[in-house]
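Below, chain A is the first sequence line, B the second, and so on; all start at residue 1.
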Amino acid sequence: MEARVRVLNAAPPRKGARYVLYWLQANRRVESNHALAAAAHLANHLELPLVCYEMLTYRYPYASDRFHTFILEGVAETARRMRAVGIGYCFYLRRRESNPDDIPRDLASHAAAIVTDDFPTFLAAGHNAALPATFDIPYHAVDSSCVIPMNCFDKREYAAYTIRPKIKRQLARYMIPAGQVRVERRFKEPLPAWRTEVRAEEIPALVASCDIDHSVPPSLDIRGGRAAAEKRLRHFLEHNLRRYALLRNEPSAKATSGLSPYLHFGYISSLEAALAARDYAERHKLVAEEFLEELIVRRELAFNFARHMRWPPTLDDLPEWARKTLARHSTDTRAYVYTREQFERASTHDALWNACQKELLVRGVIHGYYRMYWGKKVIEWSRTHEEALETMVYLHDRYALDGRDPNTYTNILWCFGLHDRPWQERDVFGTVRYMSLEGMKRKTGVNSYVEAMNRLAS
DNA sequence: ATCGGCTCGCGCAA
DNA sequence: TGCGCGAAGCCGAT
């Protein structure tokens, strides 16, 4: 467990406190949650009950109906499951400027210690970098996102082949269930009045009442919540695990897990998905190898990169060979040049690219394989490499349910050569790997995907 | 349909 | 110091 914990403030626990506070920033679940388990352990040790605080504010970048809905869809269930095990769960929806914003401080003033999620991007990364020193109590950040804790890798890894053997060596030690959360003292005080109780039928009205971007609608077909995540995993294991190795790069086969939004918002942990896949494969004489490679090796390579990159991501974070070759080709003539707005509206000359963008606009995800094509083409058709990066980050931050995630930024920078190797030199890309529409047509069912996305978006 | 070259640098064997 | 090989490819030769 120690490897999962970063002690960001080592003050002694407050005497005479009423509870230990778990500030839920990333892991929206009771099950397979090392951070919650660590908080419960500390509460038991201090002979105090445990309070879980989760908040959703109107004012973070790209807050919209899409993200608010996906988060609110999980709240009632998290409340039920937390309270069932004796944790005082309080969710707070800060809808607009006039709502109080000092609730975390107020909660912390009665807490013996704060335990929270260690997450290397976006809001949680900012909070955990800036806030620990402003409290006079212990502040622990616990990594419950990775199978092998991020802290086990002290340096920035160069590529999948450098991190893979390190992961394989330690896998047996960490591929064990996180264990049930057990609190010895139930939280018995009345729950505070400022909390927001969320009922499913009230979510549209709640979202409408927030001072956020109402022009990005909820995902057409991806619903938030723990039960939805469990259902998605079960469906994947029963129908697609056996097809995954062969068909994961064929988008129209729908053979991928579809777990990325649930992993990003913490409705499910990669550890429990990995354990479930391994056990299911064992019982049914299947091979889970390829799925586990993506779920563990490549995802944790992305967390390793996110830990070390600056914010926001820039081309300076690329390996030297990629920076140099891109610089040499910075002024190459582009065959097409589109603005951010043209990309956003899915109005390029390329029907496959537009279909990918439509899936992002309507569903909030792009198939993993096509996302690489999508990214390579933004590089090819942007005025500069820097502008291409800005466009990709903007479109993912604003529309992707699996955006703002280490995986997203790593996937975007992979398009510029991160974790990859050089290939044959050509215009605009230099020696960075190129992907062509011809290749996509040869290897995947482009037409059926384009037709499906046009139907969805109409 | 299949194959080799393209091109760089990490990590390990020696 | 040498060598094998890598986050999902392309292209031209056969």
Side-chain angles (χ1 to χ4, degrees), chain A residues 146 153-170 240 243-257 260 270 289-306 308-309 313 315 317-329 332 335 350 352-353 356 365-380 392 396 402 405-446 449:
Chain A
C146 293
F153 309 101
D154 44 5
K155 53 172 281 217
R156 186 179 146 177
E157 294 292 333
Y158 186 77
Y161 75 89
T162 64
I163 200 172
R164 188 178 293 114
K166 298 178 187 176
I167 288 177
K168 293 263 158 82
R169 264 202 304 277
Q170 302 187 72
N240 292 325
R243 311 195 301 148
Y244 187 80
L246 194 63
L247 292 172
R248 73 201 143 110
N249 285 349
E250 173 51 86
S252 50
K254 299 187 194 309
T256 50
S257 73
S260 62
S270 63
E289 222 27 61
E290 291 81 0
F291 179 64
L292 294 175
E293 163 76 13
E294 308 264 340
L295 183 66
I296 303 175
V297 175
R298 306 222 186 140
R299 183 167 178 275
E300 296 188 8
L301 177 61
F303 275 75
N304 171 267
F305 174 69
H308 293 93
M309 80 184 187
L315 300 180
D317 294 311
L318 294 172
E320 194 178 293
W321 69 265
R323 282 203 316 270
K324 280 187 175 157
T325 193
L326 289 172
R328 272 198 294 275
H329 289 269
D332 289 359
D350 176 344
L352 174 57
W353 195 92
C356 296
V365 291
I366 307 179
H367 187 282
Y369 191 50
Y370 278 169
R371 179 157 73 176
M372 297 182 181
Y373 175 77
W374 176 94
K376 292 288 186 184
K377 293 303 164 188
V378 176
I379 297 174
E380 194 174 347
M392 280 192 249
H396 269 87
D402 57 0
D405 191 87
N407 254 330
T408 319
Y409 299 120
T410 303
N411 275 300
I412 289 172
L413 283 169
W414 176 85
C415 297
F416 293 87
L418 177 70
H419 298 155
D420 203 5
R421 59 174 171 132
W423 301 86
Q424 194 158 44
E425 187 155 19
R426 62 160 60 228
D427 278 359
V428 183
F429 288 86
T431 56
V432 169
R433 183 196 301 260
Y434 182 71
M435 289 175 80
S436 71
L437 180 57
E438 289 315 307
M440 293 299 106
K441 284 181 178 164
R442 195 169 60 245
K443 288 180 271 190
T444 71
V446 167
Y449 178 76

With a 4.5 Å heavy-atom cut-off, do Y434(A) and E380(A) have their side chains touching?
yes
D350(A)-Y373(A) side chain donor-acceptor pair, cut-off 3.5 Å:
yes
For H396(A), all residues meeting side-chain hydrogen bond (donor to acceptor under 3.5 Å, both in side chains), sequence neighbours excluded:
R371(A)
Whole-Å distance separating the CG atom of D427(A) from the P atom of dC11(C)
12 Å
Using a strict threshold of under 4.0 Å (side-chain N to carboxylate O), is an ion pair present between K443(A) and E250(A)?
no
How many Å lie between CZ on F305(A) and C1' on dA7(C), as a whole number?
14 Å
Suppose you measure atom P in dA7(C) against the same atom in dC12(B); what distance do you get, rounded to whole Å?
14 Å
May I ask you to decide whether R442(A) forms a salt bridge with E438(A), counting only side-chain N to carboxylate O separations under 4.0 Å?
no
With a 4.0 Å cutoff (strictly under), does any side-chain N or O of R426(A) reach OP1 or OP2 of dC11(C)?
yes
What contact category does R442(A) fall into here, base, sugar-phosphate, or nothing, at under 4.0 angstrom with non-hydrogen atoms?
sugar-phosphate
Given dA7(C), is OP1 or OP2 found less than 4.0 Å from the side-chain N or O atoms of R164(A)?
yes
Name the nucleic acid region contacted by Y369(A), choosing base, sugar-phosphate or nothing; use a 4.0 angstrom heavy-atom cut-off, strictly under.
base
Could you state the CD-P distance from E438(A) to dG9(C), rounded to the nearest angstrom?
15 Å
Can a cation-pi geometry be assigned to R421(A) and W423(A), taking NZ or CZ under 6.0 Å from the six-membered ring centre and within 45° of the ring axis?
yes
Calculate the interatomic distance between L418(A) atom CG and dA7(C) atom P; express it in whole Å.
11 Å
Can any side-chain N or O of T325(A) pair as donor or acceptor with the backbone N or O of W321(A) at less than 3.5 Å?
no
May I ask you to say what T410(A) touches in the nucleic acid, namely base, sugar-phosphate or nothing, with a heavy-atom cut-off under 4.0 Å?
base
Going 5' to 3' along nucleotides 6-14 of chain B, which nucleotides have protein heavy atoms under 4.0 Å from the base (write B), which only from the sugar-phosphate (write S), and which from neither (write -)?
BBBBBS---
Taking any heavy-atom pair under 4.0 Å as a contact, classify M435(A): base, sugar-phosphate, or nothing.
sugar-phosphate
Measure from the side-chain N and O atoms of S260(A) to the backbone N and O of D402(A), and report whether any donor-acceptor pair falls under 3.5 Å.
no
Both atom distances under 3.5 Å, Watson-Crick or G-U wobble: I'd like the secondary structure of DNA chain C as a dot-bracket string, with | for pairs made across strands.
||||||..||||||
Heavy atoms under 4.0 Å, any strand shown: does N249(A) hit a base, just sugar-phosphate, or nothing?
base
Is the charged tip of K376(A) near the ring of W353(A): under 6.0 Å from the six-membered ring centre and within 45° of its axis?
no
If only side-chain N and O atoms of K443(A) are considered, is one of them under 4.0 Å from the OP1 or OP2 phosphate oxygen of dC10(C)?
yes
In whole Å, measure the gap between the P atoms of dC5(C) and dA14(B) for me.
14 Å
